[in-house]
Each structure stands twice: as C-alpha cells, then as structure tokens.
*Asks:* 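What follows is a single structure, and I will ask about it in a moment.
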Amino acid sequence: MLPLEHSVRAREDLRRLVSIPSVSARGECLSECAHAVRDLLVAAGFQTEICAGDIGPFVVAEIGHGPLTIMVYNHYDVQPEDPISLWHSPPFELSERHGRWYGRGVADDKGEFISRLEGWRLFRERHPGPLPFRLVWLVDGEEEIGSPSLEAFLKTRFQDEKVDVCWWEYGEIDSNGRPIVLCGFKGVMAVELRCRTARADLHSSLGAVFDNPLWRLAAATASLRDRSGRVLVDGFYDTIRKPAQDERNLAAKPPFSFDSLVEATGGQKVLHGIDEISFYAAMNFEPCMNVNGFFGGYAGEGAKTVLPADGSVKIDFRLVPDQDPQHVVGLLRAHLDRHGFEDVELIVHDANVKPVRSSTDHWFIQDAQEILEKHFGRQVIVQPSSPASGTAHPFVEQLGADIVGIGLTHHGAMLHSPNENVIIEQFETMIECSAALFRRLAERAAGMRPQAELDSADPIQGVTP
C-alpha cells in the first residue's frame, strides 16, 4: 500500500506539470515545463542541467556511481489538445472522475515521469545512503515531434559513454490489468508520392489522350504490396534479422485473442493469411506498409468531370531489425523507376527512426517481470516488440543500451486524443514498482562491486565513491 504522503505529492506534482501546455508542435511553454521538471529532479537529489534542443530543451539529471549505468528516458512535451470540444474537462487541468485522472499529458508522458520520480523518492526514503550505480535521467522536450535533436544531443552530451539499460518512456497495461514489458520498437519511414501530368486541371474528355495522375499514383501504390500485406519492393526483406527462439516462443502464444483485438479496434478486413495465431507474431515481427491518404482531384458534392493536373499519396512503412529507413528509401525509388513510374516524385518526410529490439531474457526484464507480478498480482506479458515506433535507436547505437519499456499506459488511456487519462490505482502501483526496481538495481550493482569494497559497504547503500 502506497503511503498517503507519496500519493498526495505525486498527484500535486502531476497537477503542476499538466497545467503547463507544453505543446512542442507549437513550441509552446517548453522552457517553462523544462524548468519545472528540473526543479523536481533537483529536489529529489539529482545534479541537474537544462540543455538546448532545436525546439525544446533537454533536462539531464545524474546521481550515483558504480558498475551499472541506468538511463531513464521520459519527455515533458505533449500533443496538441485539439479538438477541445471533445474534452469532458479542461485539457490542461488535472481532473478526477471514476477512479481516473484526466488531462493532456497525464499518461503521455508526464504521468509516466511522475510515477517513476515518486518511486525514486520512496526508494531513497527507505535507502538514503550513497547510490551504488549511476542513474542518468533524460527528459526530452521534442518527443511528440519526432525528437529531431535527440540523436545529435546524445552524441555530444554523452560522447564515448556507455549505458547498460535504458528504461524507455512508456510501457503498457492491458485491459485485464496485466503489465506489458516491451522489449523493442519498430522503425518508421514516412514518404509522399506526387505526380503532375498537366499545368492545370483539364476537361475529363481529354482522358482519351492524357494520362491521369491519380491513376498513376494508384498504380504505383498498388505495385508496392500484395493482398497479404507483403511488400513487393525488391530487397525490402533482405536484411531482416530473424527472431530468436525465445522471441518466437513468446509470439506463438498470444496474450489476448484475435477476437478481442477486432472488438477493440473495429477492424473488419483482415489481411490474407492472418488468423487467430499468426496475428500476434505479425504485430511483433513483420514490417508493413500503410497508405495514410490520397489527395487530388474533385471531392465535393455531386460530380465534376475533370482530369486532375496533380495528386499525392502519403505512405508509411513500419520496419523491423535490421532494416534501415534510409536504405529502404533507396529501394523504393529504384522500385518506382523499374516499374515505369520515373515521373512520380518521392518526398521523404521521416526516415530516421530505426527499429530496435532487446533480448527477452535480459536480466532487467527478468527483474521487472518479478516485481510487476508481485505488485500488480497478475501475470506479466513480455512482448518482443511493440508494433509502434519510437526514437530509441540512438540509445542502442551510440550508448550501447538495451531498451525496455515498462509503464502505466493502459489500453483505454486515449493517448493523443481528447480525455487522455490514467487509472489512479495503477498509477500508485507503478510508484511502488518503480521503488522496487530502483532497489533491485542497487542490490544488483552492489553485488558487482569488488569484494574489498563489499566488505565495507551496505549491500543496498553501496560505498561512497
């Protein structure tokens, strides 16, 4: 049971952060929120600094020394609140209804940050001595716009440094209250195809003479995948890393039914070859291509017989290890040219987020699984990869970290939507889990010290450097 003073303090800290409309898409209140985050970390005992980013500043906090370096990654920026009319309470005020807290950022990611911070305070209240491992807390101000500064910042601020584990900015709790430990994230590549066939729209009778840009875009798009969803670009699958046996074993036993996924999403048209068993492996291991939208021509009421002059289609690819987005861009351009679509322009909107995946038998994952099951009282789901994406690859490539997602984002949290929320009971349980995780890290680090140091050290508190 979480002590009342910790619950009250966490709620008030979350209320303060939610009240700051730190919307990175508008560049709004980012410095104000960064300073609020810094103040919380300073009060929690960290040496803290604010570092410039391209859009919003980073907050970096450090404490401790030892054989393990753990990085906790969160972000303080949030999505825009629109459409405001669909909110049942003001988006930048913390409100409580039916056992939940509501407000923009209450889950993504201010709630995740505060649950971990309060867990840290609870841990330090019980174990106040010198910390036997190095803890680095990085709080990003640009995550919701793709973290454009992150890769360069890590390269300069943490040059030649190594991190053992990066505790990623979020994790999940399913509709049955089971914590989900995420061991990886897919990469993403977002592009746009554009085609122009005339100076201006033409009378549709001229379709007997001139080609149609929307037809060309439809044909180009249709050439990219088959009815099973398999991408038809030559070389697309060549570099993919095969899942390890333990990953395949986990994916072979879906933790939720295909019917429940259909019910939750309302999805109706299933790809050829997907069934109640294979769907979960596809979510974890398969890349995919998505058409995000077609644009061009006349879309008003009634009919307008016109031959459009131009059009566009937006597409994203979700990628898996070891596909490189920049390499896939080249393969896509070659595919279009080879199939007679040299005139179709390829615009790249995002080709920087690479896929990552940590081993499912990593010691941190095993420790977290044990702690989560104890505190939540439910079986933990270890998921080889989230089907979603995040800018996690710089932590792996530059810092050598294993990425693990553990957190409190439940499946009805309404992320990026009106009425974003967290379940208060799960929030408080995650505080206790965070405290237990920090304690386990201290125990593990203390056990890694040379024997001469261990002889004179408290096994939890470690030794003064």
Side-chain angles (χ1 to χ4, degrees), residues 1-17 33-50 58-66 68-76 106-107 109-140 163-171 179 364 367-368 371-372 374-376 401 404-409 422 426-446 458-462 465:
M1 185 73 178
L2 182 68
L4 179 61
E5 62 269 25
H6 286 276
S7 177
V8 171
R9 180 170 56 188
R11 181 182 66 242
E12 291 309 306
D13 288 342
L14 184 57
R15 185 189 308 279
R16 166 67 179 134
L17 292 186
C33 200
H35 280 80
V37 168
R38 180 200 61 185
D39 292 346
L40 289 172
L41 288 164
V42 168
F46 289 85
Q47 291 185 333
T48 309
E49 62 180 315
I50 294 179
F58 295 92
V59 183
V60 180
E62 297 191 44
I63 192 171
H65 300 270
L68 282 178
T69 296
I70 306 299
M71 179 173 282
V72 181
Y73 174 69
N74 288 107
H75 64 90
Y76 62 82
V106 74
D109 186 54
K110 294 173 179 179
E112 295 279 17
F113 168 65
I114 291 298
S115 71
R116 298 174 186 185
L117 181 63
E118 196 58 41
W120 165 260
R121 291 164 169 162
L122 182 59
F123 161 68
R124 294 302 279 169
E125 181 181 287
R126 295 168 176 170
H127 307 288
L131 193 70
F133 64 94
R134 181 184 177 217
L135 178 60
V136 181
W137 213 312
L138 174 60
V139 191
D140 192 347
V163 169
D164 294 286
V165 174
C166 176
W167 184 354
W168 191 244
E169 48 109 351
Y170 81 99
F364 185 75
D367 288 350
I371 289 167
L372 290 166
K374 174 182 177 182
H375 287 274
F376 278 89
V404 182
I406 303 164
L408 54 83
T409 300
V422 293
Q426 293 178 351
F427 177 89
E428 294 182 343
T429 302
M430 192 56 66
I431 292 175
E432 297 178 285
C433 288
S434 298
L437 272 170
F438 286 125
R439 176 185 171 90
R440 180 65 60 85
L441 288 168
E443 292 172 340
R444 193 173 277 278
D458 181 283
I460 299 298
Q461 296 179 354

*Asks:* With a 4.5 Å limit on heavy-atom distance, are the side chains of Lys110 and Asn74 in contact?
*Replies:*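 Contact flag for Lys110/Asn74 side chains = no.
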*Asks:* Starting at OG1 of Thr48, measure out to NE2 of His35 and round the result to the nearest 0.5 Å.
*Replies:*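 So the OG1 of Thr48 and the NE2 of His35 are separated by 11.5 Å.
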*Asks:* Between Met430 and Ser115, which heavy-atom pair has the shortest distance, and what is it?
*Replies:*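 For Met430 versus Ser115, the nearest heavy atoms are CG-OG, 3.9 Å.
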*Asks:* Nearest 0.5 angstrom please: Ser434 OG to Ile371 CD1, how far?
*Replies:*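 Going from the OG atom of Ser434 to the CD1 atom of Ile371 covers 9.5 Å.
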*Asks:* What class does the angle between the rings of Phe438 and Trp137 fall in, given that below 30° is parallel, 30 to 60° is tilted and above 60° is perpendicular?
*Replies:*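 It falls in the tilted class, 30° to 60°.
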*Asks:* Over all heavy atoms of both residues, which pair between Ala36 and Leu17 is shortest? Give the atoms and the distance, please.
*Replies:*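 Where Ala36 meets Leu17 most closely, the heavy atoms are CB-CD2, 3.9 Å.
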*Asks:* Rounded to the nearest 0.5 Å, what's the gap from CZ on Arg116 to CD1 on Ile406? Could you check?
*Replies:*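 If I round to the nearest 0.5 Å, the distance is 7.5 Å.
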*Asks:* Could you measure the distance from the CG atom of Leu68 to the CZ atom of Phe133? Nearest 0.5 Å is fine.
*Replies:*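 The distance works out to 8.0 Å.
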*Asks:* For residues Leu441 and Phe364, determine if any side-chain heavy atom of one lies less than 4.5 Å from a side-chain heavy atom of the other.
*Replies:*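 In short, these two side chains touch, coming nearer than 4.5 Å.
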*Asks:* At their closest point, which heavy atom of Pro132 faces which heavy atom of Ala445, and how far apart are they?
*Replies:*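 For Pro132 versus Ala445, the nearest heavy atoms are O-CB, 3.2 Å.
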*Asks:* Heavy atoms, side chains only, cut-off 4.5 Å: are Leu408 and Glu112 in contact?
*Replies:*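 Of all side-chain heavy-atom pairs linking Glu112 with Leu408, at least one is under 4.5 Å.
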*Asks:* Please evaluate residues Phe427 and Leu14 with respect to the criterion side chain to side chain contact (heavy atoms under 4.5 Å, CB included), reporting the C-alpha separation (whole Å), side-chain torsions for both, the decisive distance (0.1 Å), and the verdict.
*Replies:* CA-CA 11 Å; Phe427 177 89; Leu14 184 57; 4.2 Å; yes
*Asks:* Are side-chain heavy atoms of Leu131 and Phe123 found at a separation under 4.5 Å?
*Replies:*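 Yes, their side chains come closer than 4.5 Å.
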*Asks:* Can you tell if the side chain of Glu49 reaches within under 4.5 Å of the side chain of Phe58, non-hydrogen atoms only?
*Replies:*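 They are not in side-chain contact.
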*Asks:* Would you call Glu443-Arg439 a salt bridge at under 4.0 Å N-O?
*Replies:*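 Looking at Glu443 and Arg439, the cut-off is met.
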*Asks:* Measure the shortest side-chain to side-chain distance between Val163 and Tyr73 over non-hydrogen atoms and say whether it is less than 4.5 angstrom.
*Replies:*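 No, side chains not in contact.
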*Asks:* Could you tell me the separation between the OG1 atom of Thr429 and the CE atom of Met1, rounded to the nearest 0.5 Å?
*Replies:*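 Going from the OG1 atom of Thr429 to the CE atom of Met1 covers 9.5 Å.
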*Asks:* Side chain of Asp164, backbone of Ile70: donor and acceptor closer than 3.5 Å?
*Replies:*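 Here the side-chain-to-backbone pair does not exist.
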*Asks:* With the side chain counted from C-beta on, respond yes when Leu40 and Phe113 share a heavy-atom pair under 4.5 Å apart, and no when they do not.
*Replies:*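 Yes; the side chains approach each other to less than 4.5 Å.
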*Asks:* Considering non-hydrogen atoms only, spot the tightest contact between Ile114 and Ala10 and give its length.
*Replies:*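 Between these two residues, the closest heavy atoms are CG2-O, 3.5 Å.
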*Asks:* Which atoms form the tightest heavy-atom contact between Ala61 and Leu41, and what is the distance?
*Replies:*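 In terms of heavy atoms, the two residues are closest at CB-CD1, 3.8 Å.
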*Asks:* Find the distance between OH (Tyr170) and CG (Asp109) and round it off to the nearest 0.5 Å.
*Replies:*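 Taking OH in Tyr170 and CG in Asp109, the distance rounds to 10.0 Å.
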*Asks:* Give the minimum heavy-atom separation between Leu117 and Ala44, together with the two atoms involved.
*Replies:*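 Looks like CD1-CB, 3.9 Å.
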*Asks:* Check Arg121 with Glu118, please: is the shortest side-chain N to carboxylate O separation under 4.0 Å?
*Replies:*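 Here Glu118 pairs with Arg121 in a salt bridge, since their nearest N and O are under 4.0 Å apart.
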*Asks:* Please confirm whether the backbone N or O of Leu4 pairs with a side-chain atom of Arg9, one donor and one acceptor, at under 3.5 Å?
*Replies:*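 No; judged by distance alone, with no hydrogens or angles, the pair does not exist.
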